[in-house]
Amino acid sequence: DDAELLGAADADLLFDTTDALASQDAKAGLEVVERLSRSGRDPGQFARDLIAHLRQLLVARATGEVPDSFTVTVAQPERLAEQAKAVDDAKLMGAIDALSAAVAAMREGDDPRLSLEVALLKVATPSLDASREALLRRIEQLESRVGGSRDASVAPSAEGGSGVTSPSGNAGDESAL
């Protein structure tokens with residue numbers, strides 16, 4: 001297969017890596033890098049292929065279908081559709097951002113394996129990434145787990161008050177706070 005000869009990652013490795021990132025399995029992410037290393041594949045090419053795969057997932061999520069033009073995973077459209085449903089937008093964008101930064105670092109001369117490992121660890125272990133963008137993604141993930149519901153005690157009231165309930169139980173009676 002020409003794609004294999006050029007160092008392109010196979011679809012199973014892309015799916016496995018994405019599953020590891022989605023389930024926050026840092027160990028599995030590092031095992032992917034080890035498999036790449038043992039097989040002689042280029043970590044930079046794998047990172048670019050993984051970015052393309054994650055983009056395909058975003059497109060599938062946005063459109064609700066897997067376009068025929070997707071070449072990397074064209075043989076497995078059902079698997080791509082299932083994975084698109086399972087991974088949220090914030091996780092996908094975070095992974096694309098981290099991998100893009102890793103590819104840029106590789107171009108500047110950083111060790112490709114190290115750059116890829118750090119990127120995968122940041123995505124699989126969100127607490128390792130203290131950037132503003134990462135913190136926003138963590139908040140978005142928490143919001144999605146809660147279901148986007150707001151606490152009724154802080155929601156604006158229909159009467160136009162602040163919706164804050166005072167200790168006395170009077171909504172909008174902020175003087176009692």
Side-chain touch Pro43/Val33, heavy atoms, less than 4.5 angstrom: no

For residues Val103 and Gly44, report the shortest heavy-atom separation together with the two atoms involved. CG2-O, 4.5 Å

If you take all heavy atoms of Ser115 and Asp110, which pair is closest and at what distance? OG-CB, 3.5 Å

Please step through side chain to side chain contact (heavy atoms under 4.5 Å, CB included) for the pair His53 and Leu80, ending with a clear verdict. CA-CA 9 Å; His53 177 73; Leu80 186 74; 3.5 Å; yes

Is any side-chain heavy atom of Met93 closer than 4.5 Å to a side-chain heavy atom of Leu58? yes

Sequence-distant partners of Arg79, side-chain contact (heavy atoms from CB on, under 4.5 Å), two or more places apart: Asp12, Phe15, Asp16, Asp19, Gln76

Using side chain to side chain contact (heavy atoms under 4.5 Å, CB included), reason through Leu114 and Val118 one step at a time and then give a plain yes or no. CA-CA 6 Å; Leu114 176 66; Val118 168; 4.1 Å; yes

Quick check on Lys91: does its NZ atom have over 12 non-hydrogen neighbours (other residues, nucleotides or ligands) under 6.0 Å away? yes

Has the side chain of Arg61 got a donor or acceptor atom that lies under 3.5 Å from a matching backbone atom of Val87? yes

Give the C-alpha distance, both sets of side-chain angles, the deciding distance and a yes or no for side chain to side chain contact (heavy atoms under 4.5 Å, CB included) between Leu50 and Ile96. CA-CA 8 Å; Leu50 186 54; Ile96 289 171; over 6 Å; no

Ser39 side chain to Leu36 backbone, donor-acceptor under 3.5 Å: yes

Test Leu30 against every option in Leu120, Leu121, Leu116 by the side-chain contact (heavy atoms from CB on, under 4.5 Å) rule and name the one that passes. Leu121

Which atom pair, heavy atoms only, marks the closest approach of Ala26 to Thr125? CB-OG1, 3.6 Å

Point-to-point distance, once rounded to the nearest 0.5 Å, from CZ of Phe46 to OG1 of Thr17: 3.5 Å

For the student: nearest non-hydrogen atoms of Leu57 and Ala84, plus distance: CD2-N, 3.6 Å

Between Glu34 and Arg113, does at least one N-O distance fall below 4.0 Å, as a salt bridge requires? yes

Does this structure show an ion pair linking Arg41 with Asp10, if we count only N-O contacts that are shorter than 4.0 Å? yes

Please examine the side chains of Glu31 and Asp25, heavy atoms only from C-beta on, and report whether any two atoms are closer than 4.5 Å. no

Show the nearest heavy-atom pair for residues Val123 and Ala95, with the distance to one decimal. CG2-CA, 3.5 Å

